[in-house]
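The structure under discussion appears below in the form of structure tokens.
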Amino acid sequence: MAELQPVRGTHDLLPDDMRAHRHVSDRARDVAATHGFDEVATPIFEFTNVFARTLGDTSDVVTKEMYTFEDKGGDMLTLRPENTAGVCRAFISNGLAQHAPVKFFYSGPMFRHERPQKGRMRQFHQIGVELIGAPQPLADVEVIACGRAILEALGIADNTVLELNTLGDTDSRQAYRAALVEYFSGHADKLSQESKDRLERNPLRILDSKDEGDRKLVADAPVFSDYLNPESVDFFGTVKEGLDALGIAYRLNTRLVRGLDYYCHTAFEFTTEMLGAQGTVMAGGRYDGLIEQLGGPSTPGVGWAAGIERLSMLVGEQAPAADRPVVVVPMGDAAERQALVSAKVLRDAGIRAEYAFSGNMKKRMKHANKVNAWAALILGDDELARGVAQLKTLDDGEQREVPLDDLAAACHRG
RNA sequence: GUGGCUGUAGUUCAGUUGGUUAGAACGCCGGAUUGUGAUUCCGGAGGUCGUGGGUUCAAGUCCCAUCAGCCACCCCA
């Protein structure tokens with residue numbers, strides 16, 4: 001294991017990356033707030049059971065992707081692979097049922113032991129929202145609308161498509177699942193090896209297989225809509241009407257399935273063609289059974305999560321650049337002392353200010369240029385004696401005298 | 001977990017059929033006389049060629065292993 005190398009699938013966020021991340025999470029937080037979602041933070045690790053009991057023991061996440069370890073007290077802990085389970089655990093732990101419905105926004109790191117590739121890391125970052133305690137289909141609409149508004153605020157909504165499906169309620173899903181298993185079992189010899197495994201673990205997944213032989217079988221497979229009971233059909237209908245009312249376009253995709261067991265009714269994904277194989281940018285759905293499975297009171301929920309790295313890639317160059325500073329350039333001992341004070345005055349006024357304290361004048365100006373300053377504030381003995389400084393704007397090279405006792409006003413850009 | 005491609009200065013890359021002191025660009029550092037940057041000119045530093053083995057008189061160039069990156073499958077954000 002090479003030292004001085006980041007752990008596989010992790011990466012450092014240097015200032016440019018960090019700024020892009022902050023841009024995404026800050027905009028998302030603001031937009032979520034306008035939709036009534038308040039930010040929460042839950043621990044990045046939980047007892048392993050929190051995930052094992054909610055994600056389903058056949059899911060890939062639980063069977064092979066969790067970072068699980070035993071702590072010194074002998075407890076089995078897991079670095080969170082996603083945050084819905086953690087937020088629901090917090091909902092139960094804090095007795096929030098009495099405040100339901102609650103609306104939460106979160107942002108933070110997640111961990112999955114997967115093979116890294118484009119848009120997929122072992123430590124990655126997600127933002128997400130959860131609306132817990134609202135059984136109404138309009139809650140689904142609100143959650144989707146919030147997600148869509150965030151994509152719009154980031155300027156990337158046009159690069160994505162909302163795919164929508166319903167998994168029905170428990171009865172519908174189980175009936176359909178049984179029908180699927182019966183159908184595919186009859187053709188098991190023609191299924192790909194992967195789909196044979198899926199037949200055991202998650203038969204709905206076969207519908208989305210990329211294998212050509214599978215696809216032929218899928219073409220004649222039972223259709224979900226035939227198994228949806230009236231309640232489920234009504235629920236989905238209301239969701240679609242809500243989206244229509246908001247002018248949110250969507251594409252129905254009956255093959256859109258969820259790998260995690262707790263989903264029911266609405267399932268949706270905002271996808272893009274611009275990120276290679278990892279096209280899902282924001283994904284979510286309804287999870288009415290989850291909180292009960294965790295041992296809490298039967299409580300419905302709906303939410304989504306989105307990968308900050310993937311969103312950042314879509315945002316690309318549109319992310320804002322760093323603030324350009326004013327660089328204070330003193331020449332002489334007395335000026336250096338004055339420079340400390342002048343920089344503080346600027347900083348107190350909310351202006352980004354730096355010093356150039358080393359080398360001759362030329363070096364200092366060079367430094368100002370290197371840190372992308374928009375102006376240099378030059379302070380020499382002359383100026384000091386007269387209570388002024390030279391403010392040189394670096395883009396046009398123009399220089400003018402400004403009074404030291406009114407620096408902040410003189411150094412505002414514009 | 002499976003498969004394909006890749007790994008040479010801080011960065012992006014070049015390195016001919018294996019053959020002497022491994023190159024470029026950009027970046028970095030220094031200089032072109034006095035208190036003015038980014039443009040120009042001159043100079044300099046910086047690489048045990050991912051790592052470990054092997055073949056050979058000789059390996060950055062060939063072979064094996066290992067680590068890492070990229071891409072795809074699986075799955076997902």
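Letters A, B, ... mirror the listed sequences (proteins, then strands); counts begin at 1.
The aromatic rings of A:F270 and A:F268 sit perpendicular to each other, their planes meeting at more than 60°, with 30° as the lower class boundary. Note: A:Y227 and A:Y176 have tilted aromatic rings, judged against thresholds of 30 and 60 degrees for the angle between ring planes.
Residue contacts shown for A:G279 are absent, as no nucleic acid heavy atom lies under 4.0 Å away. No contact: A:Q193 has no heavy atom under 4.0 Å from any strand. Note on A:M110: nothing from the nucleic acid sits closer than 4.0 angstrom, heavy atoms only. Note on A:E114: a base of the nucleic acid sits closer than 4.0 angstrom, heavy atoms only. No engagement by A:A368 is indicated, since no non-hydrogen atom pair under 4.0 Å with the nucleic acid exists. Contact annotation for A:R120: base contact, defined as any heavy-atom pair under 4.0 Å involving a base atom. Within 4.0 Å of A:G128, counting heavy atoms only, lies no atom of the nucleic acid at all.
Under the rule for a side chain to side chain donor-acceptor pair (under 3.5 Å), A:S25 has no partner lying at least two apart in sequence or in another chain. Among residues two or more places apart in sequence or in another chain, the side chain to side chain contact (heavy atoms under 4.5 Å, CB included) test is passed with A:A100 by A:F91.
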**Asked** What does nucleotides 39-44 of chain B look like as a protein-contact string, B for base, S for sugar-phosphate only, - for none, at under 4.0 angstrom between heavy atoms?
**Response** ------
**Fill in**
Per-nucleotide protein contact along nucleotides 4-12 of chain B, 5' to 3', at a 4.0 Å heavy-atom cut-off (B base, S sugar-phosphate only, - neither), is ---------
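Listed by residue number, A:G397, A:Q399 are the residues of residues 397-405 of chain A with a heavy-atom contact under 4.0 Å to RNA chain B. Remark: nothing in residues 33-41 of chain A comes within less than 4.0 Å of RNA chain B through any heavy atom.
Salt bridge annotation for A:D395-A:R324: present, with a cationic side-chain nitrogen under 4.0 angstrom from a carboxylate oxygen. The residues A:K344 and A:D348 are annotated as salt-bridged, a charged nitrogen and a carboxylate oxygen being separated by less than 4.0 angstrom.
Between A:M121 atom CE and B:C70 atom P the separation is 9 Å, expressed in whole Å. Remark: P of B:G69 and CG of A:D12 are 12 Å apart, rounded to the nearest angstrom. Residue A:H113 contributes atom NE2, which lies 18 Å from atom P of B:C75 at whole-angstrom precision.
For A:Q117 and B:A72, the shortest distance from a side-chain N or O to OP1 or OP2 is below 4.0 Å. Phosphate contact (OP1/OP2 of B:G69, side-chain N/O of A:R8, threshold under 4.0 Å): present.
Residues in residues 245-255 of chain A take part in these side-chain hydrogen bond (donor to acceptor under 3.5 Å, both in side chains) pairs, two or more places apart or across chains: A:E163-A:N253, A:D244-A:Y250. Each ring pair (Phe, Tyr, Trp, His ring centres under 6.0 Å) pair with one or both residues in residues 125-172 of chain A, not counting sequence neighbours, appears once here: A:H21-A:H125. Counting only residues at least two apart or in different chains, salt bridge (Lys or Arg N to Asp or Glu O under 4.0 Å) contacts with residues 349-367 of chain A comprise A:E336-A:R364. Applying the side-chain hydrogen bond (donor to acceptor under 3.5 Å, both in side chains) test to every pair with at least one member in residues 272-286 of chain A, sequence neighbours left out, gives these pairs: A:Q117-A:Q278, A:D140-A:R286, A:E269-A:T280, A:R286-A:D288.
No side-chain donor from either of A:S195 and A:D211 sits under 3.5 Å from a side-chain acceptor of the other.
Distance from the side chain of A:R112 is smallest for B:A77 among the nucleotides B:A77, B:C75, B:U36. In the set B:C75, B:C73, B:G37, B:G37 carries the atom at the smallest distance from any side-chain atom of A:K392. Nearest to the side chain of A:A277, among B:A72, B:U36, B:C75, sits B:A72. Side chain of A:Q126, nearest nucleotide from B:C70, B:A68, B:A77: B:A77. Picking from B:A77, B:A72, B:G37 the nucleotide with the shortest atom distance to the side chain of A:N369 gives B:G37.
Distance noted for atom C1' between B:U8 and B:U61: 11 Å (whole Å).
RNA chain B is contacted by both A:E269 and A:G276; A:G276 maps to the nucleotide lying nearer its 5′ end (nearest heavy atom per residue).
For the side chain to side chain contact (heavy atoms under 4.5 Å, CB included) test with A:C88, the passing option among A:L96, A:I291, A:N83, A:T42 is A:I291; the others fail.
Residue A:E130 comes nearest to A:G303 through the heavy atom pair OE1-CA, 3.5 Å, listed as atom of the first residue, atom of the second, then distance.
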Pairs: protein N or O with nucleotides 26-33 of chain B N or O, under 3.5 Å:
residue: B:C29; atom: OP1; partner: A:K370; partner atom: NZ; Å: 3.3
residue: B:G31; atom: OP2; partner: A:K363; partner atom: NZ; Å: 3.0

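Stem regions for RNA chain B, each three or more consecutive Watson-Crick or G-U pairs with both distances under 3.5 Å and listed by first number, read B:1-7 with B:67-73, B:10-13 with B:23-26, B:28-32 with B:40-44, B:50-54 with B:62-66.
Here the two rings, on A:F37 and A:F105, have centers that are 6.0 Å apart or farther.
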